[in-house]
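Each remark here refers to the structure printed beneath this line.
In what follows, chains carry the letters A, B, and so on, assigned in the order in which the sequence lines appear, proteins first and then strands, with residues in each chain numbered from 1.
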There are 2 protein chains.
Amino acid sequence: MKKRNVDDWIDRYLSVSFLVIKRGAALVKVGLDEEMTHDQYYLLRYIRRRGTCTSTELSTVFGVNKSAVTAMTNRLVDKGWLRRDRDQNDRRVVALSLTPQGEEWVAETDRNVYRLVEEVIARFPEEEIEAFIRTYEKLARVLQEVEEAK
Amino acid sequence: MKKRNVDDWIDRYLSVSFLVIKRGAALVKVGLDEEMTHDQYYLLRYIRRRGTCTSTELSTVFGVNKSAVTAMTNRLVDKGWLRRDRDQNDRRVVALSLTPQGEEWVAETDRNVYRLVEEVIARFPEEEIEAFIRTYEKLARVLQEVEEAK
DNA sequence: ATTAATAGTTCAATAGTTGAACTAAATGGA
DNA sequence: TCCATTTAGTTCAACTATTGAACTATTAAT
């Protein structure tokens, strides 16, 4: 791999990723209820997928400080979307899971967001979507490996 | 395109994009000086690329409120990285551009960030990188079109 | 000349973040 | 067993980023 190519890719990637992050957030925001933020939606989706999880897990998975997770989950608990349950085997651990209202909000938000994202996805041929998502998923794994190695 | 496929892609994309955004930010953060935040780095990169630009342009390109841009540029001006110059033809307009110190900080940050990103990019075959970035750039364009249409 | 629109700022409120200091509980030698 | 260490999570102060409404200043339109 030539250094010039690599630098060019990095430049293109950095330039475009910020655009996609901001514009993607702006698009998704349209589908979010006034009450729900972008980060709250993704966090609830993650917890729903896992069924139950801990602050520490969220902190390492998303690469943020544990106190940031506490702050976020506080807001979600206050809204009645998330519950905290102390683990009886290890009483230091707190299990986070969605309340029925939380499930309901995420499901409803999913319907709105999916409708918006469909519009975007329809502009790409199937093979391109499939290949792109596969690389994106691989990127998520590599990022985790690189951070764990360090 | 089958509905089941589309929903599956959307689910995979939403799930993975939040991970990549957070982990990518955590990786880049290592290369940032204590003084510089993630968003400030990208904003300075964008302005450098454009040479000069306005608040309104930043606001529409990144899909955020104009007052958010004012707040960000205030912090950058305070740090001496960005300058504001009133346009003499249309005195409502303010032209934003990097100061020499701003250029210096971005260039230095680039060197640190590129070193980190190289490590990640080296794990992918060239064709995969090229295809991925091309689709990503197309995604940025489509997102802008969709938002303009609405 | 008055009204509209445009560019940008200010302000209050809120979400998200860090890092240090802290509590409580579990673990691991000596 | 006891004390030190580790682990899980919270609290707090300080900061960045964001929105939306109200505002100033300037230009454009009729």
At under 4.0 Å between heavy atoms, what does Asp87(A) touch on the DNA or RNA strands: base, sugar-phosphate, or nothing? nothing
Is any side-chain nitrogen or oxygen of Lys22(B) closer than 4.0 Å to OP1 or OP2 of dT17(C)? yes
Electrostatic pair Lys66(B):Glu57(B) at N-O distance under 4.0 angstrom: no
Asn65(B) has an atom CG; how far is it from atom C1' of dG8(C), in whole Å? 11 Å
Can you tell me the distance, in whole Å, between the CG atom of Asn74(A) and the C1' atom of dT17(C)? 14 Å
Would one find more than 12 heavy atoms of other residues, nucleotides or ligands at under 6.0 Å from atom CZ of Arg86(B)? yes
Please classify the nucleic acid contact of Asp39(A) as base, sugar-phosphate, or nothing, using heavy-atom distances under 4.0 Å. sugar-phosphate
When you check the gap from the basic side-chain N to the acidic O, do Arg12(A) and Asp7(A) get nearer than 4.0 Å? no
For Lys79(B) and for Gly63(B), locate the closest nucleotide of DNA chain D by heavy-atom distance; then report the residue assigned to the nucleotide nearer the 5' terminus. Lys79(B)
Syn or anti: how is dA4(C) classified when any glycosidic angle within 90° of 0 counts as syn? syn
Length of the CG-C1' vector between Leu32(A) and dT19(D), whole Å: 14 Å
Is there a side-chain contact between Leu96(A) and Leu58(A) (heavy atoms, below 4.5 Å)? yes
With a 4.0 Å cut-off on heavy atoms, is Arg86(A) in touch with a base, just the backbone sugar-phosphate, or nothing at all? nothing
To the nearest Å, how far apart are Tyr42(B) OH and dT18(D) P? 14 Å
Quick check on the 6.0 Å ring-centre criterion: do Phe62(A) and Tyr42(A) meet it? no
What's the closest nucleotide to the Arg91(B) side chain, out of dT27(D), dT11(D), dT17(C)? dT27(D)
Would you mind classifying the nucleic acid contact of Thr70(B) as base, sugar-phosphate or nothing, using non-hydrogen atoms under 4.0 angstrom? base
Between the side chains of Glu130(B) and Trp9(A), is a donor N or O closer than 3.5 angstrom to an acceptor N or O? yes
Could you check whether Asp90(B) gets within reach of a base, just the sugar-phosphate, or nothing at all, counting any heavy atom under 4.0 Å? sugar-phosphate
According to a strict under-4.0 Å criterion, is Ser55(A) in side-chain N/O contact with OP1 or OP2 of dT10(D)? yes
Looking for any heavy atom pair under 4.0 Å, which part of the strands does Thr56(B) touch: base, sugar-phosphate only, or nothing? sugar-phosphate
Return the 5'-most residue of the pair Gln88(A), Cys53(B) with respect to DNA chain C, ranking by each residue's nearest nucleotide. Cys53(B)
Answer yes or no: does a side-chain N or O of Thr37(B) lie under 4.0 Å from OP1 or OP2 of dA17(D)? yes
CZ of Arg23(B) versus P of dT17(C): gap in Å, rounded? 15 Å
Closest to the Gln40(B) side chain, choosing from dT18(D), dT16(D), dT17(C): dT16(D)
For the pair made of NE2 in His38(A) and C1' in dT19(D), what is the distance, rounded to whole Å? 15 Å
Return the nearest nucleotide to the side chain of Met72(B); candidates are dT18(D), dG16(C), dT9(C). dT18(D)
Candidates dG8(C), dG16(C), dG19(C) - which lies nearest the side chain of Val93(B): dG8(C)
Starting at CG of Leu76(A) and ending at P of dT14(C), how long is that distance when rounded to a whole Å? 16 Å
Rounded distance (Å) that lies between atom P of dT11(D) and atom CZ of Arg84(A): 8 Å
Please determine whether any donor N or O and acceptor N or O are separated by less than 3.5 Å between the side chain of Arg92(B) and the base of dT6(C). yes
Please determine, for dA4(C), whether a Watson-Crick or G-U wobble partner exists with both distances under 3.5 Å, and give it or none. none
